[in-house]
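Here the structure is a predicted model, which is why all the values come from computation and not from measurement.
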Amino acid sequence: QVQLVQSVGGLVQAGGSLRLSCAASGRTFNTYTMGWFRHAPGKEREFVAAISWTGSNTYYEDSVKGRFTISRDNAENTVYLQMNSLKPEDTAVYYCAVGPRFASSRHPADFSSWGQGTQVTVSS
């Protein structure tokens with residue numbers, strides 16, 4: 001199983017920006033989709049964004065489109081989530097995860113090798 005190490009989150013004011021990183025350790029291939037999910041209090045874990053390591057295809061949840069950008073650095077085996085124009089509603093624990101190799105997905109059940117989560121708190 002691949003180990004995923006996430007960066008530290010923090011407290012950000014509404015309208016601010018924050019970049020999360022997720023580095024995969026061990027021997028891995030760059031053919032897997034990588035995704036970001038979040039889990040807010042009182043809500044189910046939801047899809048945020050995903051990126052294909054081979055095709056550079058990206059997918060976003062509607063509420064973050066135009067504000068969040070997922071990117072990758074295959075040389076470092078790292079995926080990023082750039083979050084701009086943050087809103088209090090973005091407050092959640094964010095998780096990165098390894099997705100399918102030969103197919104894209106927005107469903108948590110299709111992802112494996114989850115990171116341990118990063119707390120992001122957005123104040124008004």
- Query: When you look at L18 and L86, which way does the side chain to side chain contact (heavy atoms under 4.5 Å, CB included) test go after all the steps?
  - Reply: CA-CA 8 Å; L18 184 67; L86 283 164; 4.1 Å; yes
- Item | H39 vs Y95, side chain to side chain contact (heavy atoms under 4.5 Å, CB included): CA-CA, chis, key distance, verdict | CA-CA 8 Å; H39 192 185; Y95 300 89; 4.0 Å; yes
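Residues satisfying the ring-ring contact (aromatic ring centres under 6.0 Å, His included) test with F68, not counting sequence neighbours, are none.
With no hydrogens or angles considered, a side-chain donor-acceptor pair links T118 and Q6 at under 3.5 Å. Residues N84 and S17 have side chains that bring a donor and an acceptor to within less than 3.5 angstrom of each other. At a cut-off of 3.5 Å, with distance as the only test, a side-chain donor of Q119 or T121 sits close to an acceptor on the other residue.
Note on D90 versus K87: no salt bridge recorded, every NZ/NE/NH1/NH2 to OD/OE distance being 4.0 Å or above.
Checked options L20, T69, V48; the residue passing with M83 is L20 (criterion: side chain to side chain contact (heavy atoms under 4.5 Å, CB included)).
Residues V79 and I70 have side chains in contact (heavy-atom distance under 4.5 Å, counting atoms from C-beta outward). Taking the side chain as every heavy atom from C-beta outward, N57 and I51 never approach each other to under 4.5 Å. In this structure the side chain of F37 never reaches within 4.5 angstrom of the side chain of C96, judged on heavy atoms.
Cation-pi check for R106 over Y59 is not met; the charged atom does not lie both under 6.0 angstrom from the ring centroid and within 45 degrees of its normal.
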